[in-house]
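Take a look at the structure below.
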Amino acid sequence: MAPGRPAGLPAQRRLIAALRDPHAFPHPAAAVELVETHISWVLLAGDYAYKIKKALDLGFLDHTTLARRRQSCLEELRLNRRTAADIYLEVVAIAGTPRAPRLRAIDTGNGGDAGVIEYAVRMRRFDRDQELDALVDRGAFGSADAAALGNMIARFHDAAARDAAGAFADPATVLTQALENFGHLPPAALPADERALLAPLQAWTRAEHARVAPLLAARRRDGRIRECHGDLHLANLVRHDARLVAFDCIEFAPALRWIDVVADLAFTLMDLHLHGRADLARLVLDAWLAHGGDYAGVPLLRFYLVYRAMVRVKVAAIRAAQRGPGAADRHAARRARAAHLRLAFALTQRSPPLLVLTHGLSGAGKSAASAALIAARDWIRLRSDVERRRLADDGTGAAPAAPGRYTAAMTERVYRHLADRADRLVADGWGVVVDATFLRREQRQRFAALAAARQVPLVIVALDAPRSLLEARIAARAAHGGDASEATVGVLDLQIAALEPLDDDERRRCVRVDAALPLDGAALARAVAERAVALA
């Protein structure tokens with residue numbers, strides 16, 4: 001092959017074989033490890049990793065020319081430096097021949113790269129044991145990590161460029177992208193149990209899209225289409241230098257990264273479900289919602305969770321069909337295809353909606369109880385402390401001091417706001433947990449009327465604890481800092497004075513919790529679900 005000519009897959013495979021030699025790199029490398037995906041090869045050499053794009057045309061991706069692969073490498077560098085600047089270092093050119101390659105800097109001028117046969121993205125290596133799929137599988141990723149991940153993704157979405165021109169993610173395009181996942185799955189090539197899921201999933205995708213299409217259009221107008229990551233599954237997230245980092249975003253197809261932020265988040269949530277950690281998925285979602293307040297996007301979540309599972313079905317199908325992987329790799333790809341297909345079908349199922357209120361004084365453990373409930377069940381949490389801060393924020397991030405946020409007028413505004421959000425979520429079929437004190441009967445009755453109007457059960461989780469314990473918890477929370485609640489002992493005194501006991505009907509709906517005892521979240525969730533069934 002003449003230098004400078006685009007390489008096809010056979011020539012690329014010869015190049016990859018040559019790059020397995022540690023001496024091919026301009027730095028120490030004791031050995032070279034190869035990681036292959038359906039669209040690239042990654043060579044791990046010493047302290048660095050080199051990613052080379054396969055010369056493929058898969059419809060959603062076209063890397064068949066050297067110029068396109070160069071441009072994709074440059075885009076990969078630009079996009080991933082948003083979240084992982086210390087990992088993504090540069091794009092390098094590979095000159096010479098496939099059997100005798102030489103790595104050098106690229107020509108950033110207009111003259112092109114004479115003699116170049118390939119391009120690669122050079123990255124700093126990180127510990128692959130710290131990738132989130134590995135951490136989750138070995139139980140080294142917990143609830144605090146999930147909250148940190150949700151906050152990290154929310155901050156990334158806040159900073160991402162917005163589709164001001166409205167060029168991407170119109171409802172028709174979204175449906176086309178969702179249905180395209182099925183195009184790589186010829187039914188005749190699938191086992192009968194997988195084949196049986198395809199038609200129901202495709203029908204559900206069409207029906208759910210029709211249901212949410214008006215919301216898709218509204219969010220496009222409202223600036224919720226951003227230049228996102230596009231491939232935010234667990235293997236593209238890593239704990240690096242004591243922080244969570246996203247890497248390997250989609251660079252080859254703008255339409256796959258200029259998407260609704262909910263579509264981006266859904267990949268992470270879906271993958272946590274696949275790894276058997278639905279509880280962590282719910283806590284990631286809870287933190288993401290609390291950070292940005294994008295509860296209006298929740299009705300899109302089911303559609304995008306199923307869409308993301310089907311993306312991975314497609315990827316696994318492509319990988320299983322490619323020449324090159326050994327029998328073990330092809331078998332693993334087929335297992336992944338089946339697992340994601342079953343998950344996609346499971347994600348179409350919904351639990352009955354309900355409304356859960358907490359009831360108790362500051363320090364009683366309402367937030368811990370509500371967090372346990374949403375981790376155990378597919379419910380959405382609304383927190384009065386978080387929404388109070390959001391409502392008081394004047395747009396500068398400098399909310400007024402705590403006393404100004406606890407006036408009677410602000411409290412009334414907070415409860416109206418919580419009721420409005422709860423009503424919208426319940427109407428869309430979600431279970432909702434409202435984490436607030438609900439000291440006054442009038443506050444509780446507003447939500448009881450909402451539940452009656454929507455014909456869903458209302459359950460009250462009442463938390464009781466002695467005053468000495470409440471004061472100790474309030475003091476500990478203030479000393480630690482970082483909690484959404486700003487209650488003081490003075491606020492506690494006001495709450496005790498304002499407390500109106502539950503009436504007979506409310507006690508009938510009540511699940512009582514002794515807040516002085518260790519919280520059993522799973523048992524509490526079961527008790528709430530059972531009470532909801534009894535009330536339905």
So which pairs with a foot in residues 123-150 pass ring-ring contact (aromatic ring centres under 6.0 Å, His included), sequence neighbours left out?
F126-F247
Residues R239 and D145 bridged, charged N to O under 4.0 Å:
yes
Determine the sole option in L354, L425, D286 for which the side chain to side chain contact (heavy atoms under 4.5 Å, CB included) test with W379 is passed.
L354
Check: H291/D158 side-chain N/O donor and acceptor closer than 3.5 Å:
yes
As a quick check of understanding, evaluate side-chain contact (heavy atoms from CB on, under 4.5 Å) for E76 and D248, giving each step before the final call.
CA-CA 7 Å; E76 180 168 356; D248 201 20; 3.7 Å; yes
Check ion pair R243-D86 (N to O, under 4.0 angstrom):
yes
Nearest 0.5 Å, what's the CZ-CG distance between R312 and D231?
6.0 Å
To the nearest 0.5 Å, what is the distance between CG on L149 and CG on L265?
8.5 Å
Partner of F267 by ring pair (Phe, Tyr, Trp, His ring centres under 6.0 Å), out of H229, H273, H233
H233
Distance (rounded to the nearest 0.5 Å) between I259 CD1 and I225 CD1:
8.5 Å
Hey, are E208 and R302 close enough for a salt bridge, meaning a charged N less than 4.0 Å from a carboxylate O?
no
Under 3.5 Å, is there a donor-acceptor pair between the side chain of N80 and the main chain of A84?
no
For D260, which of R220, R224, R219 qualifies under salt bridge (charged side-chain N to carboxylate O under 4.0 Å, His left out)?
R219
Should the heavy atoms of other residues, nucleotides or ligands under 6.0 Å from CZ of R128 be counted, would the total exceed 12?
no
Can you tell me if S367 and R383 form a side-chain donor-acceptor pair at under 3.5 Å?
yes
Would you say CZ of R424 has more than 12 non-hydrogen atoms from neighbouring residues, nucleotides or ligands within 6.0 angstrom?
no
Picking from R78, R257, K53, what satisfies salt bridge (charged side-chain N to carboxylate O under 4.0 Å, His left out) with E251?
K53
Taking the six-membered ring for Trp, are F252 and H63 parallel (under 30°), tilted (30 to 60°) or perpendicular (over 60°)?
perpendicular
Mark yes or no for whether R124, through its side chain, and L89, through its backbone, hold a donor-acceptor pair below 3.5 Å.
no
If a pair satisfies ring-ring contact (aromatic ring centres under 6.0 Å, His included) and one of its residues is in residues 166-216, list it, with sequence neighbours excluded.
F168-W258, H209-F303
Row check, Y119 ring normal vs R69 NZ/CZ: under 6.0 Å, within 45°:
no
d(L185 CG, K314 NZ) to nearest 0.5 Å is 9.5 Å
Could you check whether atom CD of Q349 has more than 12 heavy atoms from other residues, nucleotides or ligands sitting under 6.0 Å from it?
yes
Test D428 against every option in R211, R421, R454 by the salt bridge (charged side-chain N to carboxylate O under 4.0 Å, His left out) rule and name the one that passes.
R211
